[in-house]
Amino acid sequence: MADLILYHAAPSRSSVTLWMLEEVGQPYDVELISLSKGENMKAEYLAVNPMGKVPTLVHKGVAITELAAICTYLADEFPDNKLAVPIGTPRRGVYLKWLFFNPGCLEPAVIDRAAPRKDPARRAMLGYGDFDTTMNVIADQVAKAPYLMGDQFTAADVVIGANLRWGMIFKMIPERKEFVDYVARLVAREACQRAEAKDKAFAAAADSKP
Ligand SMILES: N[C@@H](CCC(=O)N[C@@H](CS)C(=O)NCC(=O)O)C(=O)O
């Protein structure tokens with residue numbers, strides 16, 4: 001058994017970590033969790049992730065949850081493919097900003113728009129401020145350079161890029177040219193394509209399971 005085990009539902013947010021594992025290139029095993037059959041709420045899985053959510057990555061017996069944390073961890077732990085900006089430069093701070101921007105701003109902005117509150121919250125109360133500003137900040141960055149950290153592809157592109165990609169597919173994020181071009185650069189990556197092919201096979205296997 002590999003040191004790394006991904007608890008995964010195909011396709012779901014854990015597909016982001018599947019892509020990240022392909023970028024990292026270390027051996028890993030996958031344990032498929034069926035959300036439709038409620039396997040994520042069974043005691044056995046709750047012992048691994050008490051939130052009952054995927055992904056969970058287990059590394060050497062230690063469970064790590066939250067996809068942005070998992071991607072940050074993998075990039076630091078396996079530095080050979082230069083998917084992180086190392087500690088010791090202010091660029092590291094900017095890199096972390098983008099990793100936190102997904103769960104802190106992009107995802108809540110998209111979900112709030114998809115499931116609006118009865119009484120809209122004031123801009124100042126929302127960590128992301130407003131939807132359009134959140135989108136503009138990302139669009140400005142990816143229009144300036146191929147990746148969020150300039151010429152360096154990093155874990156931040158996996159986290160934000162995957163969200164933009166799925167958000168556009170589900171019509172929850174506007175198909176702006178900046179996003180379409182950026183996502184096309186990401187999808188062209190071999191690791192992303194490998195992850196996608198594996199995910200399709202995982203989904204088919206899950207469908208045919210009784
Ligand atoms: N904050 C978590 C969210 C994970 C999440 O919501 N995963 C969904 C799949 S896309 C899930 O496990 N849903 C099952 C459920 O809540 O019952 C992360 O970023 O990893």
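In this chain, residues are counted from 1 in sequence order. Every number for a ligand or one of its atoms is a count from 1 in the order of the listing.
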Between ligand 1 and the protein, give all atom pairs where both partners are nitrogen or oxygen and the distance is under 3.5 Å, as lines of names plus distance to 0.1 Å.
{"from": "ligand 1", "atom 1": "1 (N)", "to": "E66", "atom 2": "OE1", "distance (Å)": "2.6"}
{"from": "ligand 1", "atom 1": "1 (N)", "to": "E66", "atom 2": "OE2", "distance (Å)": "3.4"}
{"from": "ligand 1", "atom 1": "6 (O)", "to": "R13", "atom 2": "NH1", "distance (Å)": "3.1"}
{"from": "ligand 1", "atom 1": "6 (O)", "to": "K53", "atom 2": "NZ", "distance (Å)": "3.2"}
{"from": "ligand 1", "atom 1": "7 (N)", "to": "V54", "atom 2": "O", "distance (Å)": "2.9"}
{"from": "ligand 1", "atom 1": "12 (O)", "to": "V54", "atom 2": "N", "distance (Å)": "2.9"}
{"from": "ligand 1", "atom 1": "16 (O)", "to": "K53", "atom 2": "NZ", "distance (Å)": "2.8"}
{"from": "ligand 1", "atom 1": "17 (O)", "to": "N40", "atom 2": "ND2", "distance (Å)": "3.0"}
{"from": "ligand 1", "atom 1": "19 (O)", "to": "E66", "atom 2": "OE1", "distance (Å)": "3.4"}
{"from": "ligand 1", "atom 1": "20 (O)", "to": "L67", "atom 2": "N", "distance (Å)": "2.9"}

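Geometrically, R176 engages F179 in a cation-pi contact defined by less than 6.0 Å to the ring centre and at most 45° from the axis.
Judged by distance alone, with hydrogens and angles left aside, the side-chain atoms of R165 form no donor-acceptor pair with the main-chain N or O of L186 at under 3.5 Å.
Aromatic ring orientation, F153 versus W19: tilted (interplanar angle from 30° to 60°). Aromatic ring orientation, Y73 versus H59: perpendicular (interplanar angle above 60°, classes split at 30° and 60°).
Residues R189 and E22 are not paired through a salt bridge, judged by the lack of any N-O separation under 4.0 Å between the basic side chain and the carboxylate.
Scanning all heavy atoms of the two residues, the minimum distance from M41 to L46 falls at O-CD1, 3.3 Å.
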